[in-house]
Amino acid sequence: MRLQRQGETLAGQPWPVDAAAFPGWDGTVAGAFALQAQLAESLLLRDDFRTPLRRIAGVDVGFEDEGRTTRAAAVLLDADTLQPLTEVIARRATTMPYVPGLLSFRELPAVVAALSALPQVPDLVVCDGQGIAHPRRLGIAAHVGIATGLPTLGAAKKRLVGVHDAVGPQRSDRTPLLDARSQEPIGWVLRSKDGCNPLIVSPGHRVSLATSVELVLRWTRRYRLPEPTRLADRLASRRGGSASPQHSLL
DNA sequence: GCGACAG
DNA sequence: ATCTTGTCGC
């Protein structure tokens, strides 16, 4: 990789801009950083969702054609039984490369398309990735929340930023994820299953720090990932599992 | 300058 | 994320 001047991207040129999804973005890294910081100011970090929750959704992304096509899967499930009600898939041409910290610029368009294809609006959305546990507090879960207005939270398999103590070995054991500089809490490191690596949980939009972990724990059954994200992950990654409604659109 | 770095 | 077999452990 070669040098990079101000206003340019890693490839030396601005990326194609999706005006609808990223209003005002100039396609540069600097512009993306500024947009993230600005959007993060609109995040509501208090519980502001329908109770009791009835239908929740899980979203995840996979790729086809050696990465040329982005495939987003959204699964709507009953908030109590966690049984899948509907599954949809949306495809979009991939426009951006993966850049740590800019994941939403690559996956958001397809994710929003998939959520829009659901027959009913979910009360809360679980995303595969960070919420506010991000350099500028706008991980994909937070961005999806701002873009759709829906309550969201992120359940990531790995840490992007933040520091934390060791986590206990038992399911439900957790430790706060803190901003390395301010020491402010930005999420949790949660042992969702015995013997498995912990999850990094953080609120996205309209969900509090305290509630984000409780919900992820409540929605995690016999696997490491919470059901919403686990099911969406299976769909997006072209894997199967058990029988369930397959309302594929697109 | 040297690592770290969601999916 | 994706390419992929076997293998160790609950």
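A, B, ... follow the sequence lines: proteins, then strands. Residue 1 opens every chain. Note that these values count all heavy atoms, side chains included, but never hydrogens, waters or copies made by symmetry.
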**Item:** Footprint string (nucleotides 2-7 of chain B, 5' to 3'): B base within contact, S backbone only, - free, heavy atoms under 4.0 Å
**Value:** --SSBB
**Message:** Each nucleotide in nucleotides 3-10 of chain C should get exactly one letter: B, S or -. Can you fill that in based on protein heavy atoms under 4.0 Å?
**Reply:** --------
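Listed by first and then second residue, the salt bridge (Lys or Arg N to Asp or Glu O under 4.0 Å) pairs that reach into residues 108-129 of chain A are A:Asp128-A:Lys157, sequence neighbours excluded. For the salt bridge (Lys or Arg N to Asp or Glu O under 4.0 Å) condition, the pairs that include at least one residue of residues 135-152 of chain A, sequence neighbours left out, are A:Arg137-A:Asp179. Contacts classified as salt bridge (Lys or Arg N to Asp or Glu O under 4.0 Å) and involving residues 198-222 of chain A (residues at least two apart or in different chains) are given here: A:Asp48-A:Arg206, A:Arg174-A:Glu214. Sorted by first and then second residue, the salt bridge (Lys or Arg N to Asp or Glu O under 4.0 Å) pairs with a member in residues 33-42 of chain A form an empty list; sequence neighbours excluded. Note on residues 98-112 of chain A: pairs passing side chain to side chain donor-acceptor pair (under 3.5 Å), not counting sequence neighbours, are A:Ser104-A:His143.
Taking CD1 of A:Ile140 as the start and CG of A:Leu103 as the end, the distance is 4.5 Å to the nearest 0.5 Å.
Grouping Ile, Leu, Val, Met, Phe, Trp and Tyr residues whose side-chain heavy atoms lie under 4.5 Å apart, directly or via other members, places A:Leu178 in a hydrophobic cluster with A:Val163.
Stem list for DNA chain C (at least 3 consecutive Watson-Crick or G-U pairs, distances under 3.5 Å) is empty. Secondary-structure annotation of DNA chain B gives no stems, with a stem taken as at least 3 successive Watson-Crick or G-U pairs whose two distances both fall under 3.5 Å.
Between the side chains of A:Ser192 and A:Thr220, no donor-acceptor pair is found at a separation under 3.5 Å. A donor-acceptor contact closer than 3.5 angstrom links the side chains of A:Thr69 and A:Asp65.
Listed by chain and residue number, A:Pro14, A:Asp26, A:Ala30 satisfy the side chain to side chain contact (heavy atoms under 4.5 Å, CB included) test with A:Thr28 (two or more places apart in sequence, or in another chain).
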Can you give me every donor-acceptor pair (side chain of residues 75-82 of chain A, partner residue at least two apart or in another chain, under 3.5 Å) with its distance?
| from | atom 1 | to | atom 2 | distance (Å) |
| --- | --- | --- | --- | --- |
| A:Asp78 | OD1 | A:Asp80 | N | 2.7 |
| A:Asp78 | OD1 | A:Thr81 | N | 2.9 |
| A:Thr81 | OG1 | A:Gln83 | N | 3.2 |

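At distances below 3.5 Å, at least one donor-acceptor pair connects side-chain atoms of A:Gln130 with backbone N or O atoms of A:Lys158.
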